[in-house]
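These notes concern the structure reproduced below.
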Amino acid sequence: MVREATENDLQEILELYLYLHEKAVPEMSVHLADTWRQILQDENHHLIVNVVDGKIVSSCVCVIIPNLTRNVRPYAFVENVVTHSDYRQKGYASECLNYAKKNCRKTELL
């Protein structure tokens, strides 16, 4: 099931990022909690997760960026596309990216 991240997903997302490029899960801190809250509250910041059997196995970030060109049309930036190594080659990241693409269509980016 592909969906946007919720408040309770932080730990699982941080653990998933170990398959991206991180070496360790950061310790909980005020800065980390504030950053997480800021991400969740930003209507232009979409942290998309794919959940299989109750576990987040893949995710991506899609940020909608306001723009002054192209008739003041925003654009999207996609980053941090990652899949747990045990779940690769099954299309889970593609499902996250397709979800992001649908969000872009809703905001008339495509």
Heavy-atom pair of closest approach, residues N103 and E4 = ND2-OE2, 3.3 Å
Do N98 side-chain atoms and S94 backbone N/O form a donor-acceptor pair below 3.5 Å?
-> yes
Test Y92 against V52 for side-chain contact (heavy atoms from CB on, under 4.5 Å), laying out the working first.
-> CA-CA 9 Å; Y92 296 128; V52 176; 3.5 Å; yes
Do the side chains of N80 and Y17 get nearer than 4.5 Å, heavy atoms only?
-> yes
Just how far is it from atom CG of L40 to atom NE2 of H46, taken to the nearest 0.5 Å?
-> 12.0 Å
Under 3.5 Å: donor-acceptor pair, side chain of D42, backbone of I39 | no
Atom pair CG/SG of L47 and C60 - distance to nearest 0.5 Å = 8.0 Å
Distance-only side-chain donor-acceptor flag, N67 / T69, under 3.5 Å | yes
At what distance, to the nearest 0.5 angstrom, does CD of Q38 lie from NE2 of H45?
-> 9.0 Å
Closest contact, heavy atoms only, E27 versus L32 = O-CD2, 3.7 Å
Over all heavy atoms of both residues, which pair between C104 and C62 is shortest? Give the atoms and the distance, please.
-> SG-SG, 4.1 Å
V81 with L20, same ILVMFWY side-chain cluster at under 4.5 Å = no
N44 versus I65: any side-chain heavy-atom pair under 4.5 Å?
-> no
Should V49 and V2 count as side-chain neighbours, where that means a heavy-atom distance under 4.5 Å?
-> no
Counting N and O atoms only, with roles assigned by atom type, does the side chain of R3 sit under 3.5 Å from a partner on the main chain of N50, one being a donor and the other an acceptor?
-> no
All heavy atoms of T83 vs all of Y19, minimum pair found to be O-CB, 3.9 Å
Given side chains that start at C-beta, do those of V78 and L97 come closer than 4.5 Å, heavy atoms only?
-> yes
Can you check whether I48 reaches C96 side chain to side chain, under 4.5 Å on heavy atoms?
-> yes
Supply the atom-to-atom distance K90 NZ to H84 NE2, rounded to the nearest 0.5 angstrom.
-> 10.5 Å
The reported gap from OG in S58 to CD in E95 (rounded to nearest 0.5 angstrom) is 8.5 Å
Hydrophobic cluster membership, V82 vs V61, 4.5 Å side-chain cutoff = yes
Between OH of Y75 and CD1 of I64, what distance do you get to the nearest 0.5 Å?
-> 11.0 Å
Answer yes or no: is there an ion pair linking K55 with D86, defined by an N-O contact shorter than 4.0 Å?
-> no
Looking only at heavy atoms, what is the nearest atom pair of I13 and W36, with distance?
-> CD1-CH2, 3.6 Å
Shortest non-hydrogen contact from L16 to I56?
-> CD2-CG2, 3.9 Å
